[in-house]
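Start at 1 with the first residue, then count along the sequence. Just so it is clear, the values below take in all heavy atoms, side chains as well, and ignore hydrogens, waters and symmetry mates.
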Amino acid sequence: MKNQTCCFTGHRNIPANKYATIQKRLESEIVNLIHQDVRNFCTGGALGFDTMAALAVLKLKEEFPHIRLILILPCKNQTVGWNEADKKIYGQILRQADKAVYTSENYFNGCMQKRNRDLVVNSGVCICYLTSEKGGTFYTVNYAKQQGLRVVNLA
């Protein structure tokens with residue numbers, strides 16, 4: 001199952017002038033993986049790259065209906081503090097996802113890291129958008145490398 005699963009991790013802030021280029025590369029990498037029999041695509045539901053990845057998978061499901069979007073979410077109240085537009089997109093993604101798994105009922109210090117580890121341990125490939133050597137994305141990419149995942153950085 002791991003060899004049929006890809007996880008995504010990336011920064012919450014995507015530069016507006018790079019968004020279209022990253023999105024195009026992301027969709028291309030997903031299609032390449034689909035042709036290699038990857039069918040499960042997992043994202044953590046965060047703002048930024050996670051949302052971009054989820055929307056790309058949902059778009060590609062129209063052409064490749066056998067692929068699945070699986071959300072590995074840190075807690076049920078993840079969107080506390082988000083603006084209404086972001087909450088609306090999150091809700092649409094949640095409704096269209098094939099499966100949603102919560103690693104915790106409520107937020108606690110460390111629930112995001114738990115979510116990130118769960119994304120990695122169930123995957124064989126990690127597509128990321130990593131531009132900084134600090135923070136959650138950096139930790140997750142290093143963990144993915146330690147676990148032997150093939151990592152594709154779109155940055």
Side-chain angles (χ1 to χ4, degrees), residues 1-76 78-79 82-103 112 114-132 135-145 147-155:
M1 181 84 151
K2 285 177 74 158
N3 62 340
Q4 295 181 335
T5 303
C6 170
C7 67
F8 300 99
T9 187
H11 302 300
R12 285 178 174 77
N13 295 315
I14 308 290
N17 64 333
K18 295 183 179 182
Y19 192 94
T21 302
I22 295 166
Q23 184 176 26
K24 186 176 181 179
R25 286 193 60 213
L26 174 61
E27 290 177 12
S28 177
E29 289 294 339
I30 294 169
V31 170
N32 287 340
L33 290 174
I34 292 168
H35 291 307
Q36 296 171 35
D37 293 326
V38 173
R39 62 181 60 170
N40 302 307
F41 294 89
C42 304
T43 184
L47 296 171
F49 188 73
D50 280 10
T51 298
M52 178 188 278
L55 293 172
V57 172
L58 290 172
K59 176 183 174 185
L60 289 169
K61 276 180 68 91
E62 295 173 15
E63 184 178 350
F64 304 98
H66 68 285
I67 66 172
R68 299 177 58 206
L69 174 62
I70 301 168
L71 304 177
I72 309 294
L73 305 171
C75 55
K76 290 187 176 181
Q78 178 175 1
T79 61
W82 292 15
N83 67 45
E84 289 306 312
D86 289 333
K87 286 181 182 180
K88 183 177 179 181
I89 293 168
Y90 177 86
Q92 291 170 342
I93 291 169
L94 191 56
R95 284 188 297 279
Q96 293 179 62
D98 295 285
K99 183 177 181 181
V101 177
Y102 294 92
T103 61
M112 301 297 179
K114 179 173 178 10
R115 181 255 338 255
N116 294 343
R117 287 190 303 272
D118 286 356
L119 282 164
V120 169
V121 298
N122 294 302
S123 300
V125 180
C126 175
I127 296 178
C128 67
Y129 176 71
L130 174 66
T131 61
S132 174
T137 299
F138 181 68
Y139 166 85
T140 305
V141 169
N142 280 337
Y143 185 63
K145 289 176 181 177
Q147 297 302 307
L149 275 69
R150 180 166 52 109
V151 175
V152 178
N153 188 358
L154 302 181

Begin with the C-alpha distance, continue with both residues' side-chain angles, and end with the deciding distance and a verdict on side chain to side chain contact (heavy atoms under 4.5 Å, CB included) for I127 and L33. CA-CA 10 Å; I127 296 178; L33 290 174; 3.7 Å; yes

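Proximity of a side-chain donor or acceptor of R115 to a complementary backbone N or O of G44 within less than 3.5 Å is detected. Formation of a donor-acceptor pair under 3.5 Å by the T5 side chain with backbone atoms of G124 is not found in this model. At distances below 3.5 Å, not a single donor-acceptor pair connects side-chain atoms of K61 with backbone N or O atoms of R68.
Rounding to the nearest 0.5 Å gives a distance of 9.5 Å between CD of Q78 and CG of L94. K59 NZ to L26 CG: the interatomic distance, rounded to the nearest 0.5 Å, is 10.0 Å. With rounding to the nearest 0.5 Å, the separation of CH2 in W82 from CG in L47 is 4.0 Å.
In this structure, V57 and I67 approach most closely via the heavy-atom pair O-CD1, 3.8 Å. Considering every non-hydrogen atom in both A53 and F8, the closest pair reads CB-CG, 3.5 Å. Here the closest non-hydrogen pair linking E29 and L154 is CG-CD2, 3.8 Å. N116 and G136 make their closest contact through ND2-O, 4.1 Å (heavy atoms, listed as atom of the first residue, atom of the second, distance). Scanning both residues, I14 and Y19, for their nearest heavy atoms gives CG2-CD1, 3.8 Å. Of all heavy-atom pairs between G45 and L73, the closest is CA-CD2, 3.7 Å.
With a 6.0 Å radius and a threshold of 12 heavy atoms from other residues, nucleotides or ligands, K88 has its NZ atom at or below the threshold. The number of heavy-atom neighbours closer than 6.0 Å to NZ of K99, taken from other residues, nucleotides and ligands shown, is 12 or below. Atom CG of N83 has more than 12 neighbouring heavy atoms from other residues, nucleotides or ligands inside a 6.0 Å radius.
Residues C7 and N122 have side chains not in contact (no heavy-atom distance under 4.5 Å, counting atoms from C-beta outward).
Between F49 and the options T43, T9, I22, a side chain to side chain contact (heavy atoms under 4.5 Å, CB included) holds for only I22. No option in V120, V125, V141 other than V120 meets the side chain to side chain contact (heavy atoms under 4.5 Å, CB included) test with L149.
Ring-plane geometry between F64 and H66 is classed as perpendicular, the angle between the planes exceeding 60 degrees on a 0 to 90 degree scale with a lower cut at 30.
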